[in-house]
Structures are given as structure tokens and as C-alpha cells.
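Have a look at the structure below, then the notes.
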2 protein chains.
Amino acid sequence: MYESWPLASIAAVAATLAPFRSIAAEHGNAPLYRQAKRALLEAIEDGRCPPGRALPAEAALAAALGVSVGTLRHAVDELVADHVLVRQQGRGTFVATHSSDRFLFQFFHVEGRDGRRELPQVNLLSFERERLDDEAASALALRAGAPSVAIENVLLLQGRPVVHDRLVLPASLFKGLTEKRLRERPGTIYQLYQSDFGITVLRASERARAVAADRHTARALQLAPGTPVMQVRRIAQTFGDRPVEYRLSTIDTSRHDYVHLLSRPGGGA
Amino acid sequence: MYESWPLASIAAVAATLAPFRSIAAEHGNAPLYRQAKRALLEAIEDGRCPPGRALPAEAALAAALGVSVGTLRHAVDELVADHVLVRQQGRGTFVATHSSDRFLFQFFHVEGRDGRRELPQVNLLSFERERLDDEAASALALRAGAPSVAIENVLLLQGRPVVHDRLVLPASLFKGLTEKRLRERPGTIYQLYQSDFGITVLRASERARAVAADRHTARALQLAPGTPVMQVRRIAQTFGDRPVEYRLSTIDTSRHDYVHLLSRPGGGA
DNA sequence: CCCAATTTGTTCGTATGTATA
DNA sequence: TTATACATACGAACAAATTGG
């Protein structure tokens, strides 16, 4: 108890603990662990705890929040299941980042007939500032005509064009996004959202249908117009289910499949 | 402690506890809660604990297995996440059954443009005993030529034909399945698997692509041949990832979408 | 309608094991 | 090796939902 602590480490602990205040004041009827979850979520959402940052150790964090370690663990368990946090035994608990692996497994669903999955090579076709049409506006929960950025990509797998993407982003959330910045990003586009705009994509919902390829996408995918292709509309969401991206993907499924696993993501028997 | 217990209730508790033996003998290096999970899983898989049956109360079950309540809860937590068990506060913990709701939310992904989801009306088109072709054999992890049952259905939504299904089942797992029994089932087909053959579908994986409708399915869906349709290949699995059903669905997506949520199924705050 | 018994849900605290730096 | 972090396991108490008398 009465050991001599270096002043530096006291300061460091205090600093990492700073974003978290006790939740004793809260007197809602929600369970304590939910309140703890909310407190953590808010710290992450506000940017007080940016992606990649390690949370304080369980014992310290529990003390800071004014709950027991078990209760804190319950809260963290749920945030891990939500892909908001990542735990590593012996290292710590970290705010999740958009690694290429995560992108591949959570958000990219196109793979070869043989089941091989591969990070696509992305070619930018166009970058435009536009006004939202009705469809995109409704998907993004904004009014039609609001300023937006429209991005067109072709995704190549094993050198062949397989997916044509048209992304629509609310300009209000992506201030300062330029074509240059988009071209020069090192990782996936969701990593760019996170690092440059503080937007973390947590969930998405997709609606797929089969249509005949129109001339524009047919050319992009080097197909005959009228070829059956899959059209996937994605709404990507961040904290609080707020939509941040609307995407229309057109997939040439002559050599690839759109895969969907119907189980829990956590996995593990 | 020394209250008088009715003999009947002692017998009842003993009976519900019978399927579970202590796991103290196990000396694997897996965590205790995993061993407990395995023990529960085996009891369920063997049919000692059939679907719908309530597990013994946590305290009793923990004692029977020789672990603490907390450890048992950890095991049950995972089985709930796996859709193997269902908990209800104040009532008990039950072996999951295939309700219509579960079917709709976990295994049926077609919904109207407006997002409305509806239990389809199923019309049986054909019921045949066949030999497995290469594709179905590989999907079911059996040898080509093995005996099987092939079922063809048309699914109607709001009175219109929307999905054409071709199911292939290994005859070895569905002994005694007849067309009459299939026609007269009260619920979903997965409920029939469970009630009549002791097969619980836990997971499935689907691979989708867009193709031009062939003459056969075009007629079934009242479409012009060549219309773009979605083709979905499903492999449904039971415990231990053993495949039990191969299904080729063809979907008319002119008024409906195939939906896919990219998040965790458990949901929550 | 309320009461009492039963069952899961939440919260606490502590001790020990295991992976990492 | 040592210190730190998360992982596992135990036990106890009370809260909340359900059921049946």
C-alpha cells in the first residue's frame, strides 16, 4: 500500500482515466452494467477514447466508474460482441479499429467459387460533389438535395473487374474530403473514414436483388449489357444506428459469389 | 435443510437431473466452462434433453455438474448466443425450438421493398427419391450417388410466387419421410426436421449469385425465361457443423429483396 | 388480488491462472 | 524474471419476472 509511486506513472494513469467519471450519479433504472456500457460508449463516441487506444486496466476502470470488476467485464463483454472493443489477454482492451482483416470478414462478402477471399484492388472511376436524390436521401435520413459526395469505384479480384461501387456520403460528415486524399489513402475506405473523419462504421444492412446490367456498369465490369448481375444496396451505420454511407454495389457473379453466414459472428464451440 | 421434501418432487428433480453427470472426471486442459458447455451440448445432441425441455435450475444443474453457478452461467451464456438454449427470467432455461419467428428472422431473408417480412405460403411441387449429384454430394459431405430426397417448393408472398426452392436431404438422416408427412406438417420445414427426425438446424451458410431464369423456374415463378433472378445455395448445419440440407433457392427480386444484416444477431443497447 | 415459491438476472468481492511486455 | 493485463472460477446476496395457490 505505502510503496513509493513514481509521479510520472500516477500522472499517466490519471490521464488515461480522465475520460471516465463515476456513474454513481446516474439513477436510471437500467442495470448498472448497461450504464457502464453507455459511459464507455460515450467516451469512445466523443473521441475522448480514440480508435486504437487502450482502455485503462479493468481494476482501475472499474474503480473510476464506481462499479465492481465483474460488472465492468459484463459491459465490456457486450462492447466486444458489438465490435466496439477488442480484448487481448495480457495486453489490454482496445477501441476497435478498421483493420483490413475486419473489413474483409465483416464488410466484404464477395469471394471466389472456391471460397477464397481476397482484398480487392480498388480503382477510382469518379469523384463528384452532388445533391442527394430521393433514394440516397431516404437511406441517409437526410433531405433530398442536401450536399453529398459521390464516389465510383471498380473492385478487381485476381486482376478482373468484379464489383462496381457507387458510394454516397453526406458532405456534412466528410468535410475536407478530396479526391487526392481518397486516392492516397493507405488502407480501406473505412479506415479513412475513421482516421480522417472520426467516423467508425459499426454495422451495415444490405438489400440485394438481381437485375440486368445497364450500359454504364456493364462497361465498367466488361460485360455485355443485359447480363444478370447482383445489385446490393448498403446502408452503413455508426454509433446510435446513424447512417453514414449509402452504397450501391453491382457484382458480376459469373465467377464469384455473394456469401452470407447465418449464425453468430462471435463463433466458437 | 432438514425440511420434509415430498418424495414426488425428489423423484422429479432426480429425473430432470439424470441426463447430467459430473464433469469432475474430465481432465482436459480446456476451461471448466467449456467442459460444462460440452456436457450440456452432448445431452442435447443425444436427445437426452429434447427441444423445448427445460433444463434443471441453475443451482441444481451446477451442483450436478460439479461446478459453481457462475461457471455454469458462463457455459449457458455461450449456448444462448449459439441459439442452442433460450433463457426466460422467472421461468427457466429451455432447449431452443424452431418457432416460426426464429425461422423468419434467422433463416428467411426475403422481404418486400417496404421492409415488411411475412411468413411465406409454401406449395409443394414435387417430392422425389433420387441419387445425389456431385454438387449436392459435396455440399452434404457425402459420396455422389447416395440416396436422397429432393423436394421442390414454390413460396408465395402476398399471394404471388416469389421463391422457388429445391431441397436435397440425405435419405439416411430422414428415414420415413413421406410426401404425405411433408404436406401435413403444421409448421415450418425446420420444425418438421426437429419434431420428426430429431434434427435441429443451428446454422446455415448461403452463397448467392445472379443468373437468367431457366425455363423450369421461370414457369414456377411465372416469369419470362431469361429474366434476371437471384440464385441462393444454402447448406444448413446441425451440431458439429454437420450438413443436413442442401437447398437451391431462386428468387424473383422484382418486388422483393434478399436482406443481410452485418452485425451481431444478439442485438442490444 | 395478493402472497409465496421458484427461477433467472444483477452485483458484489476475492483468489488464482495465463498471456504479454 | 518481474510486473501487468485479461481469463477463469468460486461463492454469496439481493432484484426481478413468473407461476400457482
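Lettering of chains follows the sequences in order, A, B, ..., and the numbering in each one begins at 1.
Between Phe103(B) and Phe108(B), the ring planes are parallel. Angles under 30° get that label, and only those over 60° would be called perpendicular.
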Under 3.5 Å, N/O pairs linking protein and nucleotides 19-21 of chain D:
residue	atom	partner	partner atom	Å
dT19(D)	OP1	Arg91(B)	NH1	3.3

Between the protein and nucleotides 7-11 of chain D, which nitrogen or oxygen pairs come in under 3.5 angstrom?
residue	atom	partner	partner atom	Å
dA7(D)	OP2	Arg73(A)	NH1	3.0
dA7(D)	OP2	Arg73(A)	NH2	3.0
dA7(D)	OP2	Arg87(A)	NE	3.1
dT8(D)	OP1	Tyr33(B)	OH	3.0
dA9(D)	OP1	Leu32(B)	N	2.2
dA9(D)	OP2	Leu32(B)	N	3.3
dA9(D)	OP2	Tyr33(B)	N	3.0
dC10(D)	OP2	Ser68(B)	N	3.1
dC10(D)	OP2	Ser68(B)	OG	3.1
dC10(D)	OP2	Thr71(B)	OG1	2.4

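Between Leu167(A) and Ile189(A) the shortest side-chain heavy-atom distance falls below 4.5 Å. Counting heavy atoms from C-beta on, the side chains of Leu65(B) and Leu40(B) come closer than 4.5 Å. Considering only heavy atoms from C-beta on, Leu85(A) comes within 4.5 Å of Val95(A) through its side chain.
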| His260(B) vs Tyr258(A), ring-ring contact (aromatic ring centres under 6.0 Å, His included): CA-CA, chis, key distance, verdict | CA-CA 11 Å; His260(B) 182 175; Tyr258(A) 174 89; 5.8 Å; yes
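Sorted by first and then second residue, the ring pair (Phe, Tyr, Trp, His ring centres under 6.0 Å) pairs with a member in residues 31-64 of chain B read Tyr33(B)-His74(B); sequence neighbours excluded. Sorted by first and then second residue, the pairs that involve residues 51-65 of chain B and meet side chain to side chain donor-acceptor pair (under 3.5 Å), not counting sequence neighbours, are Glu58(B)-Arg73(B).
Between the side chain of Gln191(A) and the backbone N or O of Thr188(A), at least one donor-acceptor pair lies under 3.5 Å.
The span of DNA chain C lying next to chain A, judged by atoms under 4.0 Å from heavy atoms, is bounded 5' to 3' by dT10(C) to dA21(C).
With sequence neighbours left out, Arg102(A) forms a side chain to side chain donor-acceptor pair (under 3.5 Å) with Gln106(A).
A salt bridge is defined here as a Lys NZ or Arg NE, NH1 or NH2 lying under 4.0 Å from an Asp or Glu carboxylate O, and Lys37(B) with Asp82(B) meets this definition.
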